[in-house]
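Notes follow the structure.
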There are 2 protein chains.
Amino acid sequence: MRLSTRGHYGLKAMFDLAQNYGSGPISLKTVAERQNLSDHYLEQLIAMLRKAGLVKSMRGAKGGYFLAREPSKIKVGDVIRALEGPIAPVHCVSEKDPGSCNEADYCITRTVWVRVRDGLAELLDSITLADLCLKAEETNKC
Amino acid sequence: MRLSTRGHYGLKAMFDLAQNYGSGPISLKTVAERQNLSDHYLEQLIAMLRKAGLVKSMRGAKGGYFLAREPSKIKVGDVIRALEGPIAPVHCVSEKDPGSCNEADYCITRTVWVRVRDGLAELLDSITLADLCLKAEETNKC
DNA sequence: GCATATCATAGCATGGCACTAGGGTATTGT
DNA sequence: ACAATACCCTAGTGCCATGCTATGATATGC
């Protein structure tokens, strides 16, 4: 029941961009250093986020990445889905392409996984990047 | 964000044993056929469940497996933990042995994973094998 | 004592993960 | 113009967990 590092690192990076939202593009190297990640690996992750339409980029010197829309409009669930694929504790209850399970009609344990999937999705979609920034401010005040 | 087949198959097997609770030991082969699983593979899974104290066994002819206690006393969370290890979306928030994350104090994204872990644990611990058996009876009535 | 079961260990192919390597292309400051 | 800086893209690679299979030993009922 574990996330890969893609979702783990990716959310860190997105949170970093959210905290710097509005101050122009941030270079990949800056994010990587600040969040303590391999910059080359992070490059691939952020490419996925870009293709999912969550971040935009500017090439060339002084270029970098920035959020495609404001932090309050980006849910944690969006980030996770972009990096880890559709939410699905087991294949036969995947959010997308439910898979061909010919026991689906009468399989009782399947109902467990449906509840897990929905609970997970609801939780991840209830938190936005803005929420995290807010929390960061509060913690720094102490 | 996916379960391995261990938890998937394992719960199926435990549900099968729960439905036959009280009628003596059930042979592995029977469970495997009924739930459409590789019997040799299932053998390893049920060994883990036995070591976790969730099922008991009787050797020899007419032997087999049976639940160590009544279905209402076994939570889905117990089964999953026995087969998949402690619940932990990412390593640094594992239920057991939280891992050495030196950013734990100030890492904001970590709070997300704590909530995921707790939500998941709460959900899985709120469902017992007896609940599943009850649901199975209801569905058959239709 | 034989058929039927559980028990235990070992091995093995596959695939995904977590990177690394090495190039190309666009933009900026001088 | 031209370097420096950054994004962009594709391959490749070592490692480890997963999902089994194989083989044999041990225990029990009839």
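Each chain gets a letter, A, B and so on, in the order its sequence line appears, and its residues count up from 1. Worth saying up front: this structure is predicted, and the values here are computed from it rather than measured.
- The main-chain N or O of B:T128 is found under 3.5 Å from a side-chain atom of B:D131 such that the two form a donor-acceptor pair.
- Across A:L54 and A:I74, no two heavy atoms sit closer than the pair O-CD1, 3.8 Å.
- Residues B:M1 and A:R2 are not in side-chain contact: their nearest non-hydrogen atoms beyond the backbone lie 4.5 Å or more apart.
- Screening A:T139, A:I127, A:L132 for a side-chain contact (heavy atoms from CB on, under 4.5 Å) with B:T111, the sole residue that qualifies is A:L132.
- A salt bridge links A:R81 to A:E95: one of the charged nitrogens lies within less than 4.0 Å of a carboxylate oxygen.
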*Could you please spell out the steps behind the salt bridge (Lys or Arg N to Asp or Glu O under 4.0 Å) verdict for B:E103 and A:K12?*
CA-CA 12 Å; B:E103 303 172 15; A:K12 273 186 156 192; 2.8 Å; yes
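- Nearest-nucleotide positions on DNA chain C for B:Y65 and A:R6 put B:Y65 closer to the 5' end.
- Computed from coordinates, the B:L3 CG to D:dA17 C1' distance equals 14 Å when rounded to whole Å.
- Contact of the A:S57 side chain with the A:R50 side chain is registered, since non-hydrogen atoms from C-beta on lie closer than 4.5 Å.
- The two residues B:Y65 and B:V55 make their nearest non-hydrogen contact at CD2-CG2, 4.4 Å.
- Of the residues in residues 34-54 of chain B, those with a non-hydrogen atom less than 4.0 angstrom from any atom of DNA chain C are B:E43, B:Q44, B:R50.
- Of the residues in residues 9-29 of chain B, those with a non-hydrogen atom less than 4.0 angstrom from any atom of DNA chain D are B:Y9.
- With axes fitted over five pairs at each extremity, the angle between the ends of the helix from C:dG1-D:dC30 to C:dT30-D:dA1 is 10° (10° resolution).
- Here the range on DNA chain C touched by chain B, meaning any atom under 4.0 Å from one of its heavy atoms, is C:dT4 to C:dA10.
- Listed by chain and number, the residues in a side-chain hydrogen bond (donor to acceptor under 3.5 Å, both in side chains) with A:D78 amount to none (sequence neighbours excluded).
- In this structure, B:T5 does not reach the D:dT18 phosphate: none of its side-chain N or O atoms is under 4.0 Å from OP1 or OP2.
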Pull out every protein N or O sitting under 3.5 Å from an N or O of nucleotides 26-30 of chain D, one pair per line with the distance.
unit_1	atom_1	unit_2	atom_2	d
D:dT26	O2	B:R59	NH2	2.8
D:dT28	O2	B:A61	N	3.1

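- Between the P atom of D:dG19 and the NE2 atom of A:H91 lies a distance of 13 Å, rounded to the nearest Å.
- For the residue pair B:Y41 / B:T5, a side-chain donor-acceptor distance below 3.5 Å is found, with atom types taken as modelled.
- Residue A:E70 qualifies as enclosed at atom CD: its count of foreign heavy atoms under 6.0 Å is above 12.
- With salt bridges taken as basic N to acidic carboxylate O contacts below 4.0 Å, one links A:R34 and A:D16.
- Look at A:K135 and A:E138 and you find no salt bridge, because none of the NZ, NE, NH1 or NH2 atoms lies under 4.0 Å from a carboxylate O.
- Across A:L123, A:L124, A:D125, a single residue satisfies side-chain contact (heavy atoms from CB on, under 4.5 Å) together with A:V76, and that is A:L124.
- Two residues are said to be in side-chain contact when any heavy atoms from C-beta on lie closer than 4.5 Å; B:V114 and B:R117 meet this criterion.
- To the nearest angstrom, C1' of D:dC8 lies 18 Å from NZ of A:K56.
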